[in-house]
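These numbers come from the heavy atoms of this one structure, side chains and all, not from hydrogens, waters or symmetry mates.
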Amino acid sequence: MEGVRAAFAFGVVILLNIWIQWAPLLTMALAANLACFCDNGGPMRARLRVLTAFSVLGGLLWAGLGLIQPLGLPVVVPVACALIFACSYARVWSVQAQSAGNVLVVVLCIALDRPLTPEQAAVTALMFAAGGLWATFLALVIWRLHPYRPAHRAVAEVWHNLARLCGDLERLVVLPEPDTAAFDGHARGHRRGVRASIETARTMILDLARSRERVSDRTAQALLRLESAEQIFSALIAVGELIDSRPDARRRALAKVFLRRLRPLLVTIARAIRDDVNLDLDRLEHSIARVAEGLSEDPTLARLAERIVGRVRIGAKLSTPEGYRPGGTLTEGGSLDRWTRYVGPLRQNFTLASPNLRHALRASAVAAPALAATLTYAGAFTHWLVMTVVLTMQPFYAATWQRALERIGGTVLGGLVGAVLAYYATSPLAEAGLILVLSIVGFAARQISYGFFVTCLTPLVVLLVELLEPGHSSWEIVAMRGGFTVLGGVIAVASCLVLWPIWEPDQVRQELRRALKAQAGLAEAVLRAPPGEGRETAIAAQSREAGLALNDLEAALSRALQQPRAGSHPEVESALVADATLRRISARLIVLRHAPEAAAPEAEPWRAWITATLAALGADRPVPERPALDRGQSLVRLVSQVDLLVGTLRPGEIRAGTAAVGAVPGPANGATSQPVPHA
């Protein structure tokens, strides 16, 4: 539907131009098309700000650069580079601002193609603003998509991911023998996916609340659903740890029955949230109550099941007519002040330690010689070089390398398709019709992958050039676009290697330290905080922080594995083992949150050692000595996992520590003091 709307915004103006034959209408059509690329959906007020700013700034940018173009390189290049820096640095505000900044770079490159007289500049600015505002009016007034729908579908995706996690746990329960690699793969895949979807949904809901300057009942409903899902997620992690740590047949059988009953309820609630329909709570209540039946033989599993069932019941009730009352507000709240919203992110990122600032500096520095070359040897398509360089370049080298491959491959394949289409489209009306179709496909494709999006976008560009500047051969357009894309991709990758490079092993090291510190905070809250409401609040906050830190670590590891030769770096290999171990430590801590025996006074030295050891690893300090005491049954597995972590990151210290306390039993459950191969 978004693609159809974008095609309509663009196509109406194109058809009007075919009828009237007034060239400035083509500028309006281009602006409407580009404005649609800036619109990422979400809250209405935030979209209005971004799209209006793009429409006005784009017109002023095109007019201003057209006026100064005759002044020559000494003026044009510094001004253009400063604007590219600003457009690239805009990513610190939001994803919407990042999209608008990228599209403004496209406007900048097109604006430098030809000089403008003052009259032409005024018409261009007005028509560009008119095109952008027409697309904005169409998207936000005439053809509105439901403003709550993206947030509620994001919450539905969280519940669907919980159902998938539950189903995968059920698969692991029925394995004939415990499979460490399978559990590690489950943790890395499903837990990361659920945590990422929770944070995505949380960001969308809070943006929605801020843009409307209040927390409406619908917004509060989404927040409560998300909070219930997050607590179910935490408890399911603990269930997975129980299955992995004590795989006796009876426990596995009970867990299998529990998970089999739970999963359909999660799917039912997810569908109700996605489709915005009501549930019959009376009919569901029997199934909800039955989920935790027959688990009394395993008290720990029974407690976790009761916790999950309580949150499932809340999620189901929120999908009933009585679950919320539309039309009012639960909490009145103001939006963020302008200083916090706009100036704060600029100041926080204005340091060379920030990848965003490095990216903006690199983009403007590399664009300078590219601009000088393309303006000196001007041609109809030379602006594609600067576009490709700036838009291919990403804050991280691995992401730039991946983006360059996708952009080059998509451009070559899409160019061939575009040339064939342009050969058979022999009239402006036929070209306009194909552009509308390609616009629809392109907007759908950008939700799939960047490479597919570029493949669909390139034929649109070829046809658009044929329509706006007739007289060029379609094969000439394809050859020029393909050549400049390949050259621009090579320059972008090379610049990330030379200018302020961010090496992925270094990022992995930083994210690993952050994950260790977050895990130490979670251990402190679970093992040492006094009982009470404050403890539960602290555990919830630290659990979220630990999950986010592990997700960031895995994102850094993913980039490192994409970067040539970084995947075999010793620190990356150690971090892979540490990541799996930290996932297990996190799960064990969540189990101990519900295990009263872990709070026994005699276990205090071990609880202190666990917390201090994790903090020491995160702060790069010496690891404390292990207590010369029995660990107690509840802490045996956790101590073994911490030993494995120390053995992976500090093999020399674990050997020395083990020798110093020779009377103390070594790690249980087969853990060793040496790094183990990762799955």
Indicate yes or no for a side-chain donor-acceptor contact from [X] to the backbone of [Y] under 3.5 Å, with no hydrogens or angles considered.
{"X": "S88", "Y": "F85", "result": "no"}
{"X": "Q21", "Y": "I18", "result": "yes"}
{"X": "S364", "Y": "L361", "result": "yes"}
{"X": "Y89", "Y": "F350", "result": "yes"}

Exercise for review: Check salt bridge (charged side-chain N to carboxylate O under 4.0 Å, His left out) between R195 and all other residues, then give those that pass, not counting sequence neighbours.
Suggested key: E199, E230

Set of side chain to side chain contact (heavy atoms under 4.5 Å, CB included) partners for [X], sequence neighbours left out:
{"X": "P369", "answer": "none"}
{"X": "A6", "answer": "C36, S439, F443"}
{"X": "Q120", "answer": "L116, T117"}
{"X": "A515", "answer": "A549, L550, L553, L582"}

Does [X] have any side chain to side chain donor-acceptor pair (under 3.5 Å) partners at least two apart in sequence or in another chain, and if so, which?
{"X": "E554", "result": "R583"}
{"X": "S99", "result": "N40"}
{"X": "S354", "result": "N349"}

**Study point:** From CG (L126) to OG1 (T27), nearest 0.5 Å
**Key:** 11.5 Å

Check your understanding: Which distance, rounded to the nearest 0.5 Å, do you find between the CG of L104 and the CH2 of W62?
Key -> 12.5 Å

Check your understanding: Does some side-chain heavy atom of T136 sit less than 4.5 Å from a side-chain heavy atom of S55?
Key -> yes

Review point. Are R362 and T400 side-chain neighbours, meaning at least one heavy-atom pair lies under 4.5 Å?
Key: no

Point to revise | All pairs passing side chain to side chain donor-acceptor pair (under 3.5 Å) where residues 402-420 contributes a residue, at least two apart | key: R407-Y450

**Study point:** Given Q510, Q507, R514, the one that forms side-chain hydrogen bond (donor to acceptor under 3.5 Å, both in side chains) with D552
**Key:** R514

Revision key, fill the gap. Residues passing the ring-ring contact (aromatic ring centres under 6.0 Å, His included) test with F8, sequence neighbours excluded, are none

Going by atom type alone, with no hydrogens or angles, which donor-acceptor pairs under 3.5 Å involve a side-chain atom of residues 63-74 and a protein atom two or more places apart or on another chain?
residue : atom : partner : partner atom : Å
Q69     : NE2  : L112    : O            : 3.1

With a cut-off of 3.5 Å and sequence neighbours excluded, list every side-chain donor-acceptor pair involving residues 483-500.
residue : atom : partner : partner atom : Å
T485    : OG1  : R481    : O            : 2.7
S495    : OG   : I491    : O            : 3.3
S495    : OG   : A492    : O            : 2.7

